[in-house]
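Start at 1 and go down the list; that is how both ligands and their atoms are numbered.
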Amino acid sequence: MSNLIITGGSRLCGIIEVPGAKNSVLPVLAATLLNKGTSILENCPELDDVTTMLEILGALGCSIRRKGSRIEVDASKLAASSIPEELAKKMRSSIIILGSLLARCGEVLVSYPGGCEIGLRPIDMHLKALMQMGAQIDGISDGMLRCRAEKLTGCEILLDYPSVGATENIMLAASLAEGETIIQNAAKEPEIDDLQAFLRKMGVKVSGAGTGVIRIQGIHEIKTEPVHRIIPDRIVAGTYLAATAATGGSLVITGVEYDHVGSVLYCLKRCGCRIRNYSGNVIALESSGKLSALDLVRTSPYPGFPTDMQPQLVALLSKCKGTSVVVETVFENRFRYTEQLMKLGADISIQGRAAIIRGTDRLKAAQLEARDLRGGAALVIGALSAEGTSSISGVGYIDRGYERMEKVLSSIGADIKRVET
Ligand code: EPZ
């Protein structure tokens with residue numbers, strides 16, 4: 001186990017290049033199971049969740065080659081169709097493999113993914129859609145599901161909610177289904193667009209990503225050698241921008257798509273940051289560190305303010321002058337990390353789905369515990385903004401979504417180090 005030791009007070013200044021997106025590389029890796037050839041992915045982030053996904057693909061019979069941010073997956077010898085339980089439990093988002101594996105093998109044994117710190121994380125929309133396409137799904141023992149489909153048939157599916165994972169699972173299953181699948185009320189996140197781009201490179205006829213209505217014309221077999229570059233990680237970009245806003249300083253972020261972080265930049269500007277957007281995917285932020293509160297921010301599906309930036313924003317608002325309100329509309333329990341922020345002296349009260357934050361400039365160091373990925377990132381921002389030296393345990397959660405966060409933050413002036421406990 002390791003802890004982060006952070007001494008607050010340093011202004012952050014420098015340049016950061018954004019790595020590939022965790023929430024794109026995971027569904028794209030799931031899509032490689034559809035391919036009887038070798039898929040080559042570039043700009044893949046080096047994260048624990050990616051390692052776990054590769055372990056699952058390996059356990060299913062794929063051969064994997066990984067060199068830095070380049071990953072090759074040869075799924076020609078895909079054998080087993082049961083996802084190892086211990087690996088599936090390690091990473092909730094492994095459920096994203098269900099659609100591909102069912103389409104490729106016709107039968108999948110998968111463990112029901114556990115809930116986590118931010119909510120129950122049900123998969124009812126995933127299962128309902130796959131059953132509409134002809135899958136038979138039985139619960140066989142505690143926590144295990146058996147999914148079978150002689151054949152998957154394209155159909156029209158209306159999602160009750162624009163679920164990212166359900167949209168992705170349906171796109172993957174539909175790629176080898178007979179006929180056309182139409183997804184109504186589909187998620188519009190940039191990661192959906194990236195998955196569409198990869199499926200097209202494998203010869204699947206798919207269109208509509210980003211519009212809310214996605215059409216997939218299934219094909220009989222995929223045997224090709226696609227090469228695909230994963231899009232930049234908009235949440236990693238937003239996290240370091242929020243950290244710089246909180247500490248004061250100036251940060252240049254390269255390799256990021258401006259529109260992917262548009263709603264985050266809007267909030268940072270309204271707090272008082274100066275944002276400049278240069279051509280070639282370069283964004284510059286300047287902050288005095290003395291910022292103003294935001295009366296109301298509500299998280300919502302893309303292009304709204306992303307739920308994955310909600311904890312980081314609340315950490316920033318904890319030191320913005322005035323009272324802010326943040327409403328979490330996507331997950332039912334995504335404020336647990338605020339108990340830890342309050343150890344720093346943050347003044348936050350939770351009322352149902354709303355966090356009321358009264359800004360203070362007197363945050364003081366404390367011993368903190370990360371219990372989920374983005375909540376952990378919020379604690380780092382809080383500690384960077386606090387007087388004194390804080391420690392944060394549970395760094396494994398942070399490593400799931402941020403490549404060597406302590407190295408990146410040190411490179412722009414933070415006083416932070418990782419110590420093994
Ligand atoms: C993806 O999770 C992301 N994970 C999450 O990022 C992100 O917060 C979320 O989308 C929303 O943007 C990956 O892409 C790996 P959803 P996902 O299905 O697909 C409910 C991070 O920090 N729901 O859009 O699981 C669900 O409970 C992670 O990187 C159902 O009720 O999210 C939630 O309340 C955290 N039934 C809402 O929908 C279902 O069948 C949105 O979930 C599916 C979802």
Open item on the list: If the condition is side chain to side chain donor-acceptor pair (under 3.5 Å), which residues does Asp124 pass it with, not counting sequence neighbours?
Closed with: none
Open item on the list: Any heavy atom of Arg92 closer to ligand 1 than 4.0 angstrom?
Closed with: yes
Open item on the list: Once you restrict to heavy atoms under 4.0 Å, what part of Lys22 touches ligand 1? Side chain, backbone, both or neither.
Closed with: side chain
Task: Considering all heavy atoms, the nearest Leu102-Val108 contact - done: N-CG2, 3.4 Å
- [ ] Ignoring hydrogens and angles, tell me if any N or O in the side chain of Glu178 forms a donor-acceptor pair with the backbone of Gly218 under 3.5 Å.
- [x] no
Task: Nearest candidate to atom 4 (N) of ligand 1, where distance is taken over non-hydrogen atoms, out of Ile235, Asp308, Val236, Asn23 - done: Asn23
TODO: Record the part of Ser163 in heavy-atom contact with ligand 1 below 4.0 Å; permitted values are side chain, backbone, both and neither.
DONE: both
Open item on the list: Out of Ile118, Val164, Thr167, who is nearest to atom 12 (O) of ligand 1 when you count heavy atoms only?
Closed with: Val164
- [ ] Heavy-atom distances under 4.0 Å are what count here, so tell me which part of Leu120 touches ligand 1: side chain, backbone, both or neither.
- [x] neither
Task: Heteroatom proximity flag, Ala166 to ligand 1, N/O under 3.5 Å - done: no
- [ ] Write down the atom of Leu294, the atom of Arg270, and the distance for their closest heavy-atom approach.
- [x] CD2-CB, 3.6 Å
- [ ] Pick, from Gln310, His126, Met125, Arg334, the option with the minimum heavy-atom distance to atom 23 (N) of ligand 1.
- [x] Met125
Open item on the list: Regarding atom 43 (C) of ligand 1: of the candidates Ala377, Pro122, Gly165, which has the closest heavy atom?
Closed with: Pro122
Task: Arg121-ligand 1 polar pair, N/O distance under 3.5 Å - done: yes
Open item on the list: Is the shortest side-chain heavy-atom distance between Leu268 and Leu316 below 4.5 Å?
Closed with: yes
Open item on the list: For the 3.5 Å polar cut-off, considering only N or O atoms, please tell me whether Glu332 and ligand 1 meet it.
Closed with: no
